[in-house]
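Take a look at the structure below.
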Amino acid sequence: MTDPQRTYGVTSDTASATGDNALALEEIERVGFTTLVDVVSVPLLARMRDSLDRVLVAQTANFGGEAGMAAIGDVATARALLEADPVFLELLGLPQLEALVETLLGPAALVMQQNGIVMPGEGGDHVQQSWHRDLPYQSWVSTKPLALGALLALDAFTAANGATLFIPGSHRHSTFPSASFVDRWQMPALAAAGSIIVFDAMVFHRGGVNRSSQPRRAVNTLFGIPLLAQQITFTAKPGMDAKIRRRLGLDYVPAESADAWRERRRARLQGDDA
C-alpha cells in the first residue's frame, strides 16, 4: 500500500509529531485552530449551562433589560463569568488547555476576558455572527500568537445550530479576505458538547446562524500575554492558588505609588529567599 505521507522534492518539513499536544500545536500554527475533544465532564457541563443561564438573566436585568443590552450591542452575552460564579474558574485548571496556553503564551499568560455567548435559535441575530478577530481592529499579524481563545461548547456545535466558522490561515494575513475566498474556505468547527476549540485570537471567525429550535451556548476564555490589557479586573477568591492568581492578573495590578511598588518587590524577594 502506498504511504499517504510519502513526499517528493521536499527539503524541509515539520518534525514528526510527538507528545499529546504536538498535532494541536501544529494545527493552531498552520490552520489557526484546533479542537480538544471531550475535555469537560457531563456533570460540570450541566452546572455551567445552568449558571450561564442565570448569570445572563441577572446581567441583562441589571442593565435595563433586553433594550438596554441591545442599545450597546451586547444582547445574549454574559461577561466576566468567573467573577459571577467560581464554577467557571475550573476551566483554568484543565490540563489539556493549560498545556497549550503555557506552550504558546508562556507561564505569565493572563485571562483577558471570559464571556458566555448564547446564539439564539430560529435564525436569531447575534453580534458574534459578524466576522471578527478576538483582538479586534488590528490589521497586522505576528509570527507567534499574542492571545488564544478557548471556546467551550456547552452545547454541541452542529451545522444546524450555527457552529462557529473559521477562515483557516487568516491569522497569517493582515487583511480580511475577499468574499469569494470566504465563501469557498470558511470552515465550521463541529464539536461535541464538552469540547474546547482553541484558536489563535487573530484568526477570523464568526458564529453561524442557529436554525435549530434551541439556543447554542458557549464560553469563550481569552488568554493573552501580559502586554495586553484585560477587559475586566478580576478579584481574588478564598483559597485561590498562586497559579490561578497569576492567570487572573492579580500579581500584575499596578502599584498605587513608588513606595507600594517597592514594598511589593521587597515582599516578593523575601519570599524567594525563604
Self-check item: Distance (rounded to the nearest 0.5 Å) between Phe176 CZ and Ser170 OG
Solution: 8.0 Å
Quiz item: So do the side chains of Leu45 and Leu152 get within less than 4.5 Å of each other, counting heavy atoms only?
Solution: yes
Self-check item: Nearest heavy atoms of Leu100 and Ala24, plus distance in Å
Solution: CD2-CB, 4.1 Å
Practice problem: Considering non-hydrogen atoms only, spot the tightest contact between Met187 and Pro168 and give its length. | Solution: CE-CG, 3.7 Å
Quiz item: Say you draw a straight line from CG of Leu105 to CG of Leu148; how long is it, rounded to the nearest 0.5 Å?
Solution: 4.0 Å
Quiz item: Mind checking whether Met119 and Gln129 have side chains closer than 4.5 Å, heavy atoms only?
Solution: yes
Exercise. Please lay out, stage by stage, how Arg172 and Arg30 fare under the test side-chain contact (heavy atoms from CB on, under 4.5 Å).
Key: CA-CA 9 Å; Arg172 295 301 182 196; Arg30 293 179 180 273; over 6 Å; no
Quiz item: Is the shortest heavy-atom distance from the side chain of Val219 to the side chain of Ile117 under 4.5 Å?
Solution: no
Quiz item: What are the two closest non-hydrogen atoms of Leu52 and Ala78, and how far apart are they?
Solution: CD1-CB, 3.8 Å
Self-check item: Spacing of CG belonging to Leu165 relative to CZ belonging to Phe204, to within rounding of 0.5 Å
Solution: 14.5 Å
Quiz item: Taking all atoms of both residues into account, what is the closest heavy-atom pair of Phe88 and Met48, and its distance?
Solution: CZ-O, 3.6 Å
Self-check item: Rounded distance (nearest 0.5 Å) linking atom OG1 of Thr35 with atom CD1 of Ile196
Solution: 10.5 Å
Quiz prompt | Nearest-0.5 Å distance that lies between atom CG in Asp74 and atom OG1 in Thr60 | solution = 8.5 Å
Quiz item: Does some side-chain heavy atom of Glu27 sit less than 4.5 Å from a side-chain heavy atom of Val198?
Solution: no
Exercise. Check the hydrophobic clustering (I, L, V, M, F, W, Y; side-chain heavy atoms under 4.5 Å; chains of links allowed) and say if Met240 and Leu81 are grouped together.
Key: yes
Exercise. Start with the C-alpha distance between Ser51 and Asp85, add both sets of side-chain angles, then the distance that settles side-chain hydrogen bond (donor to acceptor under 3.5 Å, both in side chains), and finish with yes or no.
Key: CA-CA 7 Å; Ser51 181; Asp85 189 336; 2.7 Å; yes
Quiz prompt | Val101 and Phe223, any side-chain heavy atoms less than 4.5 Å apart | solution = yes
Quiz item: Heavy-atom distance under 4.5 Å between the side chains of Arg216 and Thr164, does that happen here?
Solution: yes
Quiz item: Which distance, rounded to the nearest 0.5 Å, do you find between the OG1 of Thr221 and the CD of Gln113?
Solution: 9.0 Å
Self-check item: Side chains of Thr235 and Glu83 in contact at under 4.5 Å (non-hydrogen atoms)
Solution: yes
Practice problem: Please tell me if the side chains of Val111 and Leu92 come closer than 4.5 Å, counting only heavy atoms from C-beta onward. | Solution: yes
Practice problem: Please name all residues satisfying salt bridge (Lys or Arg N to Asp or Glu O under 4.0 Å) with Glu263, sequence neighbours left out, ordered by chain then number. | Solution: Arg266
Exercise. Scan for side chain to side chain donor-acceptor pair (under 3.5 Å) pairs involving residues 249-259, sequence neighbours excluded, and state none if there are none.
Key: none
Exercise. Mind listing the closest non-hydrogen atom pair of Ala150 and Leu97 along with its distance?
Key: CB-CD1, 3.7 Å
Quiz prompt | Pairs flagged by side chain to side chain donor-acceptor pair (under 3.5 Å) wherever residues 201-213 is involved - sequence neighbours left out | solution = His132-His205, Asp134-His205, Asn210-Ser212
Quiz item: What heavy-atom pair brings Ile167 and Pro177 nearest, and what distance separates the two atoms?
Solution: CD1-CG, 3.9 Å
Practice problem: Go through the side-chain N and O atoms of Asn161 and Thr158 and say whether any donor and acceptor fall under 3.5 Å apart. | Solution: yes
Quiz item: When the ring centroid of Phe166 is compared with that of Phe199, is the distance short of 6.0 Å?
Solution: yes
